[in-house]
A.B. asks: 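Shown below is the structure under consideration.
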Amino acid sequence: MFIGSGLVHCYLKFKLMDDALQVFERLPVKDDIVLWNAMVNGYVQIGESGKALTIFRRMVETGLVPNKFAVTGVLSALALAAEVYNGRMVHAFSIKMGYDMGIEVLNVLIDMYGKCRQLEDAFLVFENMIEKDIYSWNSIVSVYEQCGDHDGTLRLFKGMLSSGFRPDMVTFAAALPACTHLSALMRGKEVHGYMIVNGLDKLGSTYIANAIMDMYAKCGSMMEARMVFDETKVKDVASWNIMVMGYGMQGFGDEALNMFSCMCEGGLKPD
RNA sequence: GCUUUCUUUAAAG
């Protein structure tokens, strides 16, 4: 039994959910809430919200009372599944249990409401937090962007800065596309400028570099998009597509075709 | 021992 749970944890560590589940099901006694939570979170992490919720319901049926870890896990699953109704129930339960005093639970509530497109509720949770951390800020900034409130995203980004928090790649992954969608070159430059000044511009992934390129491209500054492109060591198909599209849409047919052939030479296949 | 955040590739999704 002890060995079995160790094995489940081991499979979970490597995201081998099928194997983890198989061993889990064979456990004669399933009274360890940590194991249940780990199963729920394992499914959440691979995007299987339905399976995560099924495990959670079974856990409750066995009579175990969800602790705050279980609550964060199930809220994450509900966020993925965009199930607000159940999300609200879990929220109410958290309050009843006093879990809403914990910052992690509040952070995931922001995310849950946001992913369920209930921005007002997300903001209410955020606003009423006694203390906020980088997850709180990143969550609220991200859900505003996800909901298409680009101005709100940038407003919160500024609020984050003035509150003394240092944005990271997660923040930029939301703030940059906000500028992109607004075609706000100046504000995009401010965000990119912040990254440069703080030495964060080269630390990001290809994904972030692409977001910067796309911001410049969609804001009409192909020169700057090109500079970022050239400085980006690891390019992927999206990097090339952003440039080809940008040149194409702005009437630089030659450059677009150029890019296109370079992409094919580089061994990448266009979409 | 288990927990939270990342919409990069321009037209009706």
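A, B, ... follow the sequence lines: proteins, then strands. Residue 1 opens every chain.
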A.B. asks: Run the salt-bridge test on A:Asp151 and A:Arg155 with the 4.0 Å N-O cut-off and return the result as yes or no.
C.D. replies: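 No, this pair does not count.
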A.B. asks: Under 4.0 Å between any heavy atoms, over every strand shown, what does A:Asp168 touch: base, sugar-phosphate, or nothing? Just pick one.
C.D. replies: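 Counting heavy atoms under 4.0 Å across all strands, no contact is made by A:Asp168.
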A.B. asks: Rounded to the nearest angstrom, tell me the gap between atom CD1 in A:Ile242 and atom C1' in B:U7.
C.D. replies: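 Distance, rounded to whole Å: 12 Å.
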A.B. asks: How does RNA chain B look in dot-bracket form if you count Watson-Crick and G-U pairs under 3.5 Å, write [ ] for pairs that cross, and put | where a base pairs with another strand?
C.D. replies: .............
A.B. asks: Determine which pairs satisfy side-chain hydrogen bond (donor to acceptor under 3.5 Å, both in side chains) with at least one residue from residues 42-52 of chain A, sequence neighbours left out, and list them in order.
C.D. replies: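 As it turns out, the side-chain hydrogen bond (donor to acceptor under 3.5 Å, both in side chains) pairs with a partner in residues 42-52 of chain A, which skip direct neighbours, are A:Lys15-A:Gln45.
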A.B. asks: Which heavy atom of A:Gly87 sits nearest to which heavy atom of A:Leu75, and what is that distance?
C.D. replies: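 Taking A:Gly87 first and A:Leu75 second, the nearest heavy atoms are O-CD2, 4.0 Å.
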A.B. asks: Does the ring centre of A:Phe229 sit less than 6.0 Å away from the ring centre of A:Trp240?
C.D. replies: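 That pair passes the under 6.0 Å test.
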A.B. asks: Please confirm whether the ring centroid of A:Phe56 lies under 6.0 Å from the ring centroid of A:Trp36.
C.D. replies: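 Aromatic pair excluded; centres sit 6.0 Å or further apart.
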A.B. asks: Residues from residues 187-211 of chain A sitting under 4.0 Å of RNA chain B, heavy atoms only?
C.D. replies: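 The stretch gives A:Tyr207, A:Asn210, A:Ala211 as the residues lying under 4.0 Å from the strand, ordered by number.
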A.B. asks: Of the listed nucleotides (B:U3, B:U4, B:C2), which one gets closest to any side-chain atom of A:Val34?
C.D. replies: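 The listed nucleotide nearest to A:Val34's side chain is B:C2.
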A.B. asks: To the nearest 0.5 Å, how far apart are CE in A:Met213 and OG in A:Ser221?
C.D. replies: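 Reported value, rounded in 0.5 Å steps: 13.5 Å.
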A.B. asks: Base, sugar-phosphate alone, or nothing: which one does A:Lys13 contact when heavy atoms must sit under 4.0 Å apart?
C.D. replies: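 Nothing, no heavy atom under 4.0 Å.
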A.B. asks: Can you name the residues that form a side chain to side chain donor-acceptor pair (under 3.5 Å) with A:His9, not counting sequence neighbours?
C.D. replies: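 Once residues adjacent in sequence are excluded, A:His9 has no partner under the side chain to side chain donor-acceptor pair (under 3.5 Å) criterion.
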A.B. asks: Just the rounded figure in Å: distance from P of B:U4 to CG of A:Asn67.
C.D. replies: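 Distance, rounded to whole Å: 13 Å.
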A.B. asks: Residues sharing A:Tyr85's hydrophobic cluster, by side-chain heavy-atom contacts under 4.5 Å among ILVMFWY, directly or via others?
C.D. replies: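 When side chains under 4.5 Å apart are linked, the cluster holding A:Tyr85 also contains A:Met89.
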A.B. asks: Taking salt bridge (charged side-chain N to carboxylate O under 4.0 Å, His left out) as the definition, give me every residue that meets it alongside A:Glu127, ordered by chain and number, with sequence neighbours left out.
C.D. replies: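 For A:Glu127, no residue satisfies salt bridge (charged side-chain N to carboxylate O under 4.0 Å, His left out) once neighbours in sequence are set aside.
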A.B. asks: Quick test of your reading: applying side-chain hydrogen bond (donor to acceptor under 3.5 Å, both in side chains), list the pairs with at least one residue in residues 244-254 of chain A, sequence neighbours left out, ordered by first then second residue.
C.D. replies: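 Counting only pairs at least two positions apart or across chains, the side-chain hydrogen bond (donor to acceptor under 3.5 Å, both in side chains) contacts touching residues 244-254 of chain A are A:Arg226-A:Tyr247.
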A.B. asks: Please examine the side chains of A:Val105 and A:Leu109, heavy atoms only from C-beta on, and report whether any two atoms are closer than 4.5 Å.
C.D. replies: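 Of all side-chain heavy-atom pairs linking A:Val105 with A:Leu109, at least one is under 4.5 Å.
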A.B. asks: Taking only N/O atoms, report every protein-nucleotides 10-13 of chain B pair under 3.5 Å with atom names and distance.
C.D. replies:
unit_1	atom_1	unit_2	atom_2	d
B:A10	N6	A:Gln250	NE2	3.4

A.B. asks: Work out how far the P atom of B:U9 is from that of B:G13, and round it to whole angstrom.
C.D. replies: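 Nearest-Å result for B:U9 against B:G13 at atom P: 16 Å.
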A.B. asks: May I ask you to say what A:Ala38 touches in the nucleic acid, namely base, sugar-phosphate or nothing, with a heavy-atom cut-off under 4.0 Å?
C.D. replies: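 If one applies the 4.0 Å heavy-atom cut-off, A:Ala38 turns out to touch the sugar-phosphate alone, with no base involved.
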A.B. asks: Honestly curious: do A:Leu203 and A:Leu161 fall in one hydrophobic cluster under the side-chain, below-4.5 Å linking rule?
C.D. replies: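 Yes, A:Leu203 and A:Leu161 fall within the same hydrophobic cluster.
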A.B. asks: For A:Met243 and B:U8, give me the distance from atom CE to atom P, rounded to whole Å.
C.D. replies: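 After rounding, the reported distance stands at 18 Å.
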A.B. asks: Of the nucleotides B:U7, B:C6, B:C2, which one has an atom closest to the side chain of A:Ala173?
C.D. replies: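 Closest of the options to the side chain of A:Ala173: B:C6.
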A.B. asks: Using a cut-off of strictly less than 4.0 Å between a heavy atom of the residue and any atom of RNA chain B, enumerate the qualifying residues of residues 86-95 of chain A by number.
C.D. replies: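 Result for residues 86-95 of chain A: none.
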A.B. asks: When rounded to the nearest 0.5 angstrom, what is the spacing between CE in A:Met39 and CG in A:Leu12?
C.D. replies: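 The distance works out to 6.0 Å.
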A.B. asks: Taking the hydrophobic residues Ile, Leu, Val, Met, Phe, Trp and Tyr, and joining any pair whose side-chain heavy atoms are under 4.5 Å apart, which ones share a cluster with A:Met245?
C.D. replies: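 Cluster partners of A:Met245: none, it stands alone.
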A.B. asks: Quick one: does any side-chain atom of A:Lys30 pair with a main-chain N or O of A:Glu25 as donor and acceptor, under 3.5 Å?
C.D. replies: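 Judged by distance alone, yes, a pair lies under 3.5 Å.
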A.B. asks: What nucleotide among B:U4, B:U8, B:G1 has an atom nearest to a side-chain atom of A:Glu104?
C.D. replies: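 Nucleotide nearest to A:Glu104's side chain: B:U4.
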A.B. asks: So if I take residues 120-143 of chain A and measure heavy-atom distances to RNA chain B, which residues fall below 4.0 Å?
C.D. replies: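 Nucleic-acid contacts, sorted: A:Tyr135, A:Asn138, A:Ser139, A:Ser142.
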A.B. asks: B:C2 P sits how many Å from A:Leu27 CG, rounded?
C.D. replies: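 Value for this atom pair: 18 Å.
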A.B. asks: Rounded to the nearest 0.5 Å, how far apart are CZ of A:Arg26 and CG of A:Leu21?
C.D. replies: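 Going from CZ on A:Arg26 over to CG on A:Leu21, the span is 10.5 Å.
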A.B. asks: Of all the choices, B:U7, B:C6, B:G1, which nucleotide is nearest to the side chain of A:Val170 once you look at every atom?
C.D. replies: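 Of the candidates, B:C6 comes closest.
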A.B. asks: Would you indicate, yes or no, if B:U8 has its OP1 or OP2 atom less than 4.0 angstrom from a side-chain nitrogen or oxygen of A:Lys235?
C.D. replies: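 Answer is no, no contact under 4.0 Å.
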A.B. asks: Nearest whole Å is fine: how far is B:C6 P from A:Tyr144 OH?
C.D. replies: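 Rounding to the nearest Å, OH of A:Tyr144 and P of B:C6 are 16 Å apart.
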A.B. asks: Residues two or more places apart in sequence or in another chain: which of them pass ring pair (Phe, Tyr, Trp, His ring centres under 6.0 Å) with A:Tyr11?
C.D. replies: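 Partners of A:Tyr11 by the ring pair (Phe, Tyr, Trp, His ring centres under 6.0 Å) criterion come out as none, since no residue qualifies.
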A.B. asks: Please determine, for the side chain of A:Gln45, which listed nucleotide (B:U3, B:U9, B:U5) has the closest atom?
C.D. replies: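 Nearest listed nucleotide: B:U3.
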A.B. asks: The side chain of A:Val108 is closest to which nucleotide in this list: B:U4, B:U8, B:U7?
C.D. replies: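 The listed nucleotide nearest to A:Val108's side chain is B:U4.
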